Undergrad: 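I'd like to ask some things about the structure below.
Every chain is numbered from 1, with letters handed out A, B, ... down the list of sequences. Because the structure is a prediction, the values reported are computed rather than measured.
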Amino acid sequence: MFLKTLTLTGFKSFQKKTTIDFDSRINGIIGPNGSGKSNLIEAIQFAMGEQSGKSLRGNTMKDIIFSGSQTEKALNRAKVQLILDNSDRLLKDYGDLVTISRILYRDGTSEYEINGQKVRQKDVQALFFSAGLGRDTLAFITQGKVQKIIDSDPVARRGVFEEVA
Amino acid sequence: MFLKTLTLTGFKSFQKKTTIDFDSRINGIIGPNGSGKSNLIEAIQFAMGEQSGKSLRGNTMKDIIFSGSQTEKALNRAKVQLILDNSDRLLKDYGDLVTISRILYRDGTSEYEINGQKVRQKDVQALFFSAGLGRDTLAFITQGKVQKIIDSDPVARRGVFEEVA
Amino acid sequence: VRYLFKKAFDTVNQAFQEIYPIMFSGGNAELKLTEPEDLLHTGVEIIAAPPGKKSRSLSLLSGGEKSLSAITLLFAIIKVSTVPFSILDEVEAALDEANVDRFSQYLETLNSKTQFIVITHRRSTMRAAQRLFGVTMVGTGISKIVSVRLDGELINKE
Amino acid sequence: VRYLFKKAFDTVNQAFQEIYPIMFSGGNAELKLTEPEDLLHTGVEIIAAPPGKKSRSLSLLSGGEKSLSAITLLFAIIKVSTVPFSILDEVEAALDEANVDRFSQYLETLNSKTQFIVITHRRSTMRAAQRLFGVTMVGTGISKIVSVRLDGELINKE
Ligand SMILES: Nc1ncnc2c1ncn2[C@@H]1O[C@H](COP(=O)(O)OP(=O)(O)OP(=O)(O)O)[C@@H](O)[C@H]1O
Ligand SMILES: Nc1ncnc2c1ncn2[C@@H]1O[C@H](COP(=O)(O)OP(=O)(O)OP(=O)(O)O)[C@@H](O)[C@H]1O
Ligand SMILES: [Mg+2]
Ligand SMILES: [Mg+2]
């Protein structure tokens, strides 16, 4: 399984519909400070079922909806869609391609879909957990957090090994 | 006033007596990871009266004494000396040069001296506070802490402005 | 559950001991259970000694040594288990040039197992990427994606 | 005390508003007292809008924007008060090339007032330094100081 495509609309600084095809094994993302690189990663975490606005650097989850710029007005919803290439059938119950999407509205409610079917947040989180990408995985290291892994308390580190188990 | 010379013996990874003359207005320190650059800064903070071992990345203050390597034995004391150029008389009660030193023994006791006279920790801290370098100053930014200044709570930031006052 | 945890711990520990000297060009490290007789609650300790050094408390390690130790643990986990994709946001920011080179080289040995998406400002990580995506923000605070070629002109500009 | 605090706040605030657009090549920022009628307990809020952007909560700023905002606040304080020497340990690690250049250029305007000791891995900061000290660790875990010339050979190696 790998992440084939990321599409986001109205998510943080990505006002317009933006699509990226991650067609390589090592994909680099570069750009000046403040250009929106970390926002892209947070869009992936958002679609994977992240439930805390604080983990996406907001005060509340609504802070991730495009809130305007000097020339553009704020939007009322944010949408992120992931397309997973599952041709290795790591996700046993799905076919070659799996589409996962999440929409967040200004009133704070979210709508999740897997392959076009409405599902709950728990279903999306379970899908990724079964693929070895649960909430405690070390596979996602967000900006500034790499040294915290060494500073963390030994018991807190257990979660990392439970993921592997 | 400026920092003219730093001499350290047995402080962290500096086993042997080491002297640096900071004779320029902008002094750069470079070197590979783990070579001892941040240890140098901590030696300056130690001599200025730092009382918490944790602020120098140790569990206790004794952790700053050279604790041996694969070939060398641990030492029993650490000594750091600063020579300040005070020709602008920022420190009104002192002459052109001011020498400040601190020794820490394995039993945890410290000895401070200003110009060869034994003094207390408070006296050294007061000397630097009167020069605008008190404990809350923003002038010292240790590794990894620059972004925390922005993340800190508004009331915690007051100290920075009180220093300036 | 206890049996699975111990098995996961042992395989990661073995890989961690193998990869550490590669990432640090020497030295050695291992993982230890804080309470081996209570597998349901035990914590995991990291013992590390960079080359030439005695093993000391982790808090005395340098910024770069901490980053590299954490990256080594991640690589050990990726090596022994299934991690479909991994996302790293400037994890090598504190590393010197020699360590960034070792980081990007090891990344290349793992990419057949795991897909990587790495945000970086460092040259040798960019060179390890098979494809680069540029993110820019036009004057009005809106982000856009531009495709960049990995030719010399981009790398030199950086 | 209250009068001195307010005066210090006002002068730093003015300098902060002046330096921010220099460091960010545009945009604007200011400091605000959370409780202006209670000068003994009030906190200090930072309001910042990088060029082209609306001013949003500080937590939404990028890593580099946070570092640069903090550096700007330090520079404002150095500009208006007496700070004999300042020690900076890799403060520009998260900055892109353009921002590191602005950082090192501004450092050069302040060094007549304040002496700087900066630990760095970045080229343009090294170039701004009038003197470089190299720290190395011989194989046995002991640190030594070597003097380095600022010639091309060192910088290219980095
Ligand atoms: N809801 C939102 N609407 C519009 N813009 C937003 C929103 N949330 C965050 N931003 C903007 O996104 C920018 C931060 O982007 P991001 O953190 O992705 O930068 P980056 O490319 O990772 O930079 P760095 O290299 O400094 O880490 C901020 O300037 C912020 O103003
Ligand atoms: N008491 C001690 N005795 C001997 N060595 C010590 C002592 N305390 C710390 N060290 C060593 O000092 C090293 C860390 O040095 P330091 O943090 O100064 O590195 P650095 O040059 O700042 O590296 P980086 O670029 O990664 O930040 C560690 O490897 C540690 O083992
Ligand atoms: Mg970022
Ligand atoms: Mg350091």
Undergrad: Can you tell me how far CD1 of D/I77 sits from CZ of B/F161, rounded to the nearest 0.5 angstrom?
TA: 5.5 Å
Undergrad: Who among D/E65, D/H41, D/K144 has the most heavy-atom pairs with chain B under 4.5 Å?
TA: D/H41
Undergrad: Among D/L68, D/T125, D/L39, single out the residue with the greatest number of heavy-atom pairs under 4.5 Å to chain B.
TA: D/L39
Undergrad: Just give me the residue among D/I119, D/L4, D/L61 that pairs up with chain B most often, heavy atom to heavy atom, under 4.5 Å.
TA: D/I119
Undergrad: Looking at B/A156, B/G34, B/P154, which has the largest count of heavy-atom pairs under 4.5 Å with chain D?
TA: B/P154
Undergrad: Less than 4.5 Å to any heavy atom of chain B: does that hold for the side chain of D/L31, its backbone, both, or neither?
TA: side chain
Undergrad: Non-hydrogen atoms of chain B under 4.5 Å away: do they reach the side chain of D/S112, the backbone, both or neither?
TA: backbone
Undergrad: As an exercise: rank D/S81, D/A70, D/S69 by heavy-atom pairs under 4.5 Å with chain B and give me the winner.
TA: D/A70
Undergrad: Does the side chain of B/T142 come under 3.5 Å of the side chain of D/D89 through a donor N or O and an acceptor N or O?
TA: no
Undergrad: Heavy-atom distance under 4.5 Å to chain B: side chain of D/E108, backbone, both or neither?
TA: both
Undergrad: Rounded at 0.5 Å granularity, tell me how far CD in D/Q115 sits from CD1 in B/I26.
TA: 10.5 Å
Undergrad: Would you call the rings of B/F22 and D/F133 parallel, tilted or perpendicular, where under 30° means parallel and over 60° means perpendicular?
TA: perpendicular
Undergrad: With a 4.5 Å cut-off on side-chain heavy atoms, are D/V135 and B/F14 touching?
TA: yes
Undergrad: Could you check which of D/T114, D/L110, D/T11, D/T34 has the highest count of heavy-atom pairs closer than 4.5 Å to chain B?
TA: D/T114
Undergrad: Please classify the contact of B/D85 with chain D as side chain, backbone, both or neither, using a heavy-atom distance under 4.5 Å.
TA: neither
Undergrad: Supply the atom-to-atom distance B/I41 CD1 to D/I87 CD1, rounded to the nearest 0.5 angstrom.
TA: 4.5 Å
Undergrad: Keeping B/S35 on the side-chain end and D/T136 on the backbone end, is there a donor-acceptor pair under 3.5 Å?
TA: no
Undergrad: Side chain, backbone, both or neither: which part of D/V91 has an atom under 4.5 Å from a heavy atom of chain B?
TA: both
Undergrad: One pair to check against side-chain contact (heavy atoms from CB on, under 4.5 Å): D/L88 and B/F140. What are the steps and the verdict?
TA: CA-CA 6 Å; D/L88 306 176; B/F140 283 28; over 6 Å; no
Undergrad: Would you find a donor on one side and an acceptor on the other, under 3.5 Å apart, between the side chain of D/R131 and the backbone of B/N27?
TA: no
Undergrad: Pick one of side chain, backbone, both or neither for B/D153, based on which atoms fall under 4.5 Å of a heavy atom in chain D.
TA: neither
Undergrad: Considering only heavy atoms, which portion of D/A94 lies under 4.5 Å from any heavy atom of chain B: side chain, backbone, both, or neither?
TA: side chain
Undergrad: Compare all side-chain heavy atoms of B/V164 with those of D/F5 and state whether any distance is below 4.5 angstrom.
TA: no
Undergrad: Using a cut-off of under 4.5 Å on heavy-atom pairs, state which of B/L90, B/I149, B/I20 scores highest against chain D.
TA: B/I20
Undergrad: Using non-hydrogen atoms only, which part of D/E90 is less than 4.5 Å away from chain B: side chain, backbone, both, or neither?
TA: side chain
Undergrad: Is B/E72 close to chain D through its backbone or its side chain, or both, or neither, when contacts mean heavy atoms under 4.5 Å?
TA: side chain
Undergrad: Hydrogens and angles aside, do B/Q70 and D/T140 bring a side-chain donor and acceptor to less than 3.5 Å of each other?
TA: no
Undergrad: Got a sec: does the CD of D/Q14 have more than 12 other heavy atoms crowding it under 6.0 Å?
TA: no
Undergrad: D/I71 versus B/V146: any side-chain heavy-atom pair under 4.5 Å?
TA: yes
Undergrad: Please check this pair: side chain of B/Q147 against backbone of D/G63, looking for a donor-acceptor N/O pair closer than 3.5 Å.
TA: yes
Undergrad: Can you tell me how far apart CZ (B/F2) and CG (D/N111) are? Round to the nearest 0.5 Å.
TA: 12.0 Å
Undergrad: Considering only heavy atoms and a distance below 4.5 Å, find which of B/S152, B/A131, B/G144 pairs most often with chain D.
TA: B/A131
Undergrad: At a heavy-atom distance under 4.5 Å, which candidate from D/P84, D/A8, D/G43 has the highest pair count against chain B?
TA: D/P84
Undergrad: Should the heavy atoms of other residues, nucleotides or ligands under 6.0 Å from CZ of D/R2 be counted, would the total exceed 12?
TA: no
Undergrad: May I ask you to decide if D/L40's main-chain N or O and B/R158's side chain share a donor-acceptor pair within less than 3.5 Å?
TA: yes
Undergrad: At what distance, to the nearest 0.5 angstrom, does CZ of B/R25 lie from CZ of D/F116?
TA: 9.0 Å
Undergrad: Under a 4.5 Å cutoff for heavy-atom pairs, which residue among B/T137, B/L40, B/I29 has the most contacts with chain D?
TA: B/I29
Undergrad: Which atom names give the shortest non-hydrogen contact between B/G28 and D/A129, and what distance separates them?
TA: N-CB, 3.7 Å
Undergrad: Please classify the contact of D/S59 with chain B as side chain, backbone, both or neither, using a heavy-atom distance under 4.5 Å.
TA: neither
Undergrad: Using non-hydrogen atoms only, which part of D/S147 is less than 4.5 Å away from chain B: side chain, backbone, both, or neither?
TA: neither
Undergrad: Below 4.5 Å from any heavy atom of chain D, which atoms of B/F128 appear? Answer side chain, backbone, both or neither.
TA: side chain
Undergrad: Tell me, side chain or backbone of B/L3 under 4.5 Å from chain D's heavy atoms, or both, or neither?
TA: both
Undergrad: Drop me the distance from D/I142's CD1 to B/S69's OG, to the nearest 0.5 angstrom.
TA: 4.0 Å
Undergrad: So which of B/L133, B/V155, B/D88, B/T18 has the biggest tally of heavy-atom pairs under 4.5 Å with chain D?
TA: B/L133
Undergrad: Tell me which of these, B/A139, B/G68, B/P32, has more heavy-atom pairs under 4.5 Å with chain D than the rest.
TA: B/A139
Undergrad: Mark yes when over 12 heavy atoms from residues, nucleotides or ligands other than B/F129 sit less than 6.0 Å from its CZ; otherwise mark no.
TA: no
Undergrad: Any non-hydrogen side-chain atom of B/K37 less than 4.5 Å from a side-chain atom of D/H121?
TA: yes
